[in-house]
Amino acid sequence: MSEPSEAEWLRGALPFLALLTLRDGALHGYAIAQRLEELSLFGLKVGTLYPVLNRLESQDLVRAEWVAGDGGPGRKQYALTDAGRTRLDSMSDAWGDFASRVAAAIAPTTTRSTR
């Protein structure tokens with residue numbers, strides 16, 4: 001059995017990360033991908049992101065609308081819905097708990113036994 005790759009971990013976290021990028025305002029898909037890339041997220045391919053955004057839209061967690069481009073073609077822009085903000089809050093809490101438990105699980109035994 002091979003070890004999970006960073007891309008596999010990213011696939012599971014991508015919906016949460018996409019919502020995170022939208023918490024400060026609407027962005028088009030490429031800008032979301034750029035923000036994620038700035039976080040050094042394993043060379044995310046834009047084509048991987050759009051199905052996630054479509055799924056989030058179908059779940060009413062993001063709203064998408066076409067906006068005119070600056071001298072170019074229009075672009076689809078994504079924004080959090082109220083339901084998306086609520087989900088982001090709950091996912092943030094859950095992620096913090098999950099990350100703490102994983103960190104505790106991989107800590108050296110001596111660190112765990114002193115708690």
Side-chain angles (χ1 to χ4, degrees):
M1 185 167 150
S2 65
E3 294 180 18
S5 69
E6 292 175 339
E8 289 174 298
W9 291 339
L10 177 60
R11 197 173 312 119
L14 193 52
F16 172 56
L17 294 169
L19 292 174
L20 274 173
T21 63
L22 296 171
R23 75 177 156 202
D24 295 326
L27 294 169
H28 55 84
Y30 185 72
I32 294 169
Q34 286 179 313
R35 291 256 174 103
L36 293 174
E37 189 173 311
E38 289 167 7
L39 299 173
S40 300
L41 291 172
F42 327 117
L44 173 72
K45 292 180 175 54
V46 178
T48 304
L49 178 62
Y50 285 106
V52 171
L53 292 171
N54 290 335
R55 218 171 17 261
L56 293 171
E57 184 180 9
S58 71
Q59 296 170 348
D60 295 321
L61 300 177
V62 299
R63 170 184 28 78
E65 67 178 328
W66 285 97
V67 292
D70 296 328
R75 298 189 251 192
K76 205 173 194 182
Q77 194 169 46
Y78 299 88
L80 286 177
T81 62
D82 289 340
R85 285 195 185 283
T86 300
R87 177 70 64 86
L88 177 57
D89 289 344
S90 68
M91 290 175 90
S92 295
D93 292 342
W95 185 267
D97 182 52
F98 173 74
S100 295
R101 287 184 285 137
V102 169
I106 61 176
T109 306
T110 55
T111 303
R112 285 195 307 250
S113 64
T114 60
R115 292 184 186 173

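No hydrogens, no waters, no symmetry mates; every other heavy atom, side chains included, goes into these values.
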Any non-hydrogen side-chain atom of [X] less than 4.5 Å from a side-chain atom of [Y]?
| X | Y | answer |
| --- | --- | --- |
| F16 | L19 | no |
| I32 | R35 | no |
| N54 | K76 | yes |

Exercise. Determine the minimum heavy-atom distance between L20 and S92, stating which atoms define it.
Key: CD2-OG, 4.5 Å
Self-check item: Over all atoms of both residues, closest heavy-atom pair of G74 and W66
Solution: O-CZ3, 3.6 Å
To the nearest 0.5 Å, tell me how far [X] [atom1] sits from [Y] [atom2].
| X | Y | atom1 | atom2 | answer |
| --- | --- | --- | --- | --- |
| L22 | L80 | CG | CG | 5.0 Å |
| D82 | L61 | CG | CG | 11.5 Å |
| T21 | L49 | OG1 | CG | 7.5 Å |
| M91 | D93 | CE | CG | 11.5 Å |

Quiz item: Where does the angle between the aromatic ring planes of H28 and Y30 fall among parallel (under 30°), tilted (30 to 60°) and perpendicular (over 60°)?
Solution: parallel
Practice problem: Assess whether side-chain contact (heavy atoms from CB on, under 4.5 Å) is satisfied between V52 and L17, documenting all intermediate values. | Solution: CA-CA 10 Å; V52 171; L17 294 169; over 6 Å; no
Practice problem: Determine whether more than 12 heavy atoms belonging to other residues, nucleotides or ligands lie under 6.0 Å from atom CG of D97. | Solution: yes
Quiz item: Using 4.0 Å as the upper bound for N to carboxylate O, is an ion pair formed by R85 and D89?
Solution: no
Self-check item: T81 side chain vs D60 backbone, donor-acceptor pair below 3.5 Å
Solution: yes
